[in-house]
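To keep things clear, I will list the structure first and then write my remarks on it.
Computed from heavy atoms alone, side chains included, the values below leave out hydrogens, waters and symmetry copies.
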Amino acid sequence: RMEEDPTFYLPEELWIETLRLLQGEWPRFLSKRLVCKAWSKYVIVALTRLEVFWRFGSAGLSNSVLKLVDEAPNLESVTIRRVDWPVFVKCVDRMQNLKELRLLDVYGATGTDSIVNFWLPNTVTAHYTEIYSLTNLERLSLTSWSFGLSSSIHQMTKLKSLHIQTTSLPENFQLPSLRELYITSRNDSSNHINLIPFSNLTLLHLERIEFNPQDLIHLTNLQSLTLKIKDNSTMLSIFPHLNTLTKLSRLGLTNHKILSLPKWFNSSSFPHITDLDFSWNSLTFIPDAILSFHQLTRLHLIRNHISFIPPNIQSLIYLQDIDLNTNIITCIPTQIQFLTLLRHLNLSNNRIEKIPDEIGRLGNLETLMLTSNYIKTVPKEIERLEKLEELNLSLNRIEELPIEMKSLSNMRELVLMNNGERLKQSEVVEYMVGKGVKVSCETTMAKMIVRQREEE
């Protein structure tokens, strides 16, 4: 109606707080609705949250978003995905008048690194200085672009969460108000951070950032710690200081070539840990230290050299998410049936030959990922996975699916690519397609991967 009558009054109960703009619909939507007088007067002013997702280089949408930022003075939260650098710079200029802005989350478009490098060191530095003047921000997230943090960031005294990629850190870097710090270094230069001033942190994620391991003893409020460090010797020196972090509930030590864990690392020392991530290491088995954390709800051991899942995995009865993707596991133990709270199971890129019948007892399972294994058959007991939404069996040797799979009423996506030729004529496949399930079962040259693995 507003298209027909720009003076139409929008009742207050129809005002919206959140506007989400999606790629594909933007030309018609923005040109006819957002720029009309009624929207500007009655809706845009009411906006408090703006989320924009668009294709790289969409000039029409870019201009309309800039117009929105100008005309929505009450915006508290702005999230923009796949924005190119020049548009982002313009957005920052417009945001200086947004006194209510508390959250800024921007993810750059793929391939913008070259643009950033071209603009360095003058324009980029200048416009990031403008960001620092958004002193009411409580959360700032800028990823995809790397730049040097300026000491001007110290004037953002209300900042509680900082998620950023950087090439350098300012001297005496400290933000006492911070509760969450997520820093990634994207170059090979040495970046060092003094953690002592960040004693109020509850979350810390450092990737390729050096620090003094002894500083950890000052982070007594830390609940989540993720470290990806270039120097493996530094990683080994961290362990003795972890036992001071008594409030820790999540620990991620990834990409460190860890072969084993110290004996004292167990649930007695860390009674609150429910989430462990030791992905991209060199573990050859699941250590007993990990199995002692009976309260675990999430366990990720991606890209190690684990050859088997021990039967006492059944002691982790609270597990909801297991990811053992890219190991050398040959079988799924029947004891997995006792993990009845499990919702997500990923055993892709292993050497598994059989799915045990006991898989059917995982009644809460929502996603089951078994891509790139040696599986030939699917047990009929899979019909008991009533909550299963996504099943990926691609890159296996399956020729037929059990008819019982038709009872999986919550299935949304079934991936069967690169299996037996007869599979795409399966009655189950036809039934799932007819039910609106997204089914992928084409065969491609990816079978070569299977053959290469066999030769290896």
Report the distance from atom [atom1] of [X] to atom [atom2] of [Y], rounding to the nearest 0.5 Å.
| X | Y | atom1 | atom2 | answer |
| --- | --- | --- | --- | --- |
| Leu316 | Ser292 | CG | OG | 9.0 Å |
| Leu395 | Ser372 | CG | OG | 5.0 Å |
| His294 | Ser315 | NE2 | OG | 4.0 Å |
| Asn255 | Ile258 | CG | CD1 | 10.0 Å |
| Ile209 | Ile193 | CD1 | CD1 | 7.0 Å |
| Leu219 | Leu203 | CG | CG | 11.5 Å |

Exercise for the section: Quickly, which of Glu390, Glu413, His344 forms a side chain to side chain donor-acceptor pair (under 3.5 Å) with Thr367? Name it, please. Expected result: His344
For [Y], is there any backbone N or O sitting under 3.5 Å from a side-chain donor or acceptor partner on [X]?
| X | Y | result |
| --- | --- | --- |
| Asn346 | Leu324 | no |
| Ser440 | Val415 | no |
| Asn266 | Ser269 | yes |
| Asp93 | Cys91 | no |
| Ser77 | Arg49 | no |
| Ser177 | Thr157 | yes |
| Asn97 | Met95 | no |

Exercise for the section: Could you give me the CA-CA distance, side-chain angles and deciding distance for Thr284 and Ile328, then say whether side-chain contact (heavy atoms from CB on, under 4.5 Å) is met? Expected result: CA-CA 9 Å; Thr284 57; Ile328 52 174; over 6 Å; no
Is the closest side-chain donor-acceptor distance between [X] and [Y] under 3.5 Å?
| X | Y | result |
| --- | --- | --- |
| Asn373 | Asn350 | no |
| Asn136 | Lys158 | yes |
| Thr371 | Asn392 | yes |
| Gln295 | Ser267 | no |
| Thr226 | Arg250 | yes |
| Arg139 | Ser161 | yes |
| Asn364 | Lys387 | yes |

Problem - Worked check of side-chain contact (heavy atoms from CB on, under 4.5 Å) between Asp321 and Thr297 - result: CA-CA 6 Å; Asp321 181 352; Thr297 59; over 6 Å; no
Taking every non-hydrogen atom, the tightest pair across [X] and [Y]:
| X | Y | answer |
| --- | --- | --- |
| Asn327 | His305 | OD1-N, 3.3 Å |
| Ile164 | Leu149 | CD1-CD2, 3.7 Å |
| Ile352 | Ile332 | CD1-CG1, 3.9 Å |
| Leu98 | Val69 | CD2-O, 3.8 Å |
| Leu261 | Pro287 | CD1-CG, 4.1 Å |
| His241 | Gln214 | CE1-CG, 3.5 Å |

Practice task
Report, as yes or no, whether the 6.0 Å neighbourhood of atom CZ on Phe173 holds more than 12 heavy atoms from other residues, nucleotides or ligands.
Solution key: yes
Considering only heavy atoms from C-beta outward, does the side chain of [X] approach that of [Y] to under 4.5 Å?
| X | Y | result |
| --- | --- | --- |
| Ile313 | Phe338 | no |
| Asp215 | Phe198 | no |
| Leu245 | Leu251 | no |
| Ile322 | Leu339 | yes |
| Asn325 | Met369 | no |
| Asn191 | Ser168 | yes |
| Thr220 | Lys247 | no |
| Asn200 | Leu178 | no |

Problem - Residues Leu195, Leu204; criterion side-chain contact (heavy atoms from CB on, under 4.5 Å); working and verdict - result: CA-CA 10 Å; Leu195 294 176; Leu204 176 62; 4.0 Å; yes
Exercise for the section: Kindly indicate, with the supporting measurements, whether the criterion salt bridge (Lys or Arg N to Asp or Glu O under 4.0 Å) is fulfilled by Glu76 and Arg102. Expected result: CA-CA 5 Å; Glu76 299 174 5; Arg102 298 292 183 269; over 6 Å; no
Exercise for the section: Dump the intermediate steps for side-chain contact (heavy atoms from CB on, under 4.5 Å) on Leu134 and Leu140, then the final yes or no. Expected result: CA-CA 10 Å; Leu134 301 176; Leu140 175 60; over 6 Å; no
Exercise for the section: Over 60° means perpendicular and under 30° means parallel, so classify the ring planes of Phe270 and Trp264, tilted if in between. Expected result: tilted
Problem - Derivation of the ring-ring contact (aromatic ring centres under 6.0 Å, His included) call for Phe293 and Phe265 - result: CA-CA 10 Å; Phe293 288 88; Phe265 182 77; 5.4 Å; yes
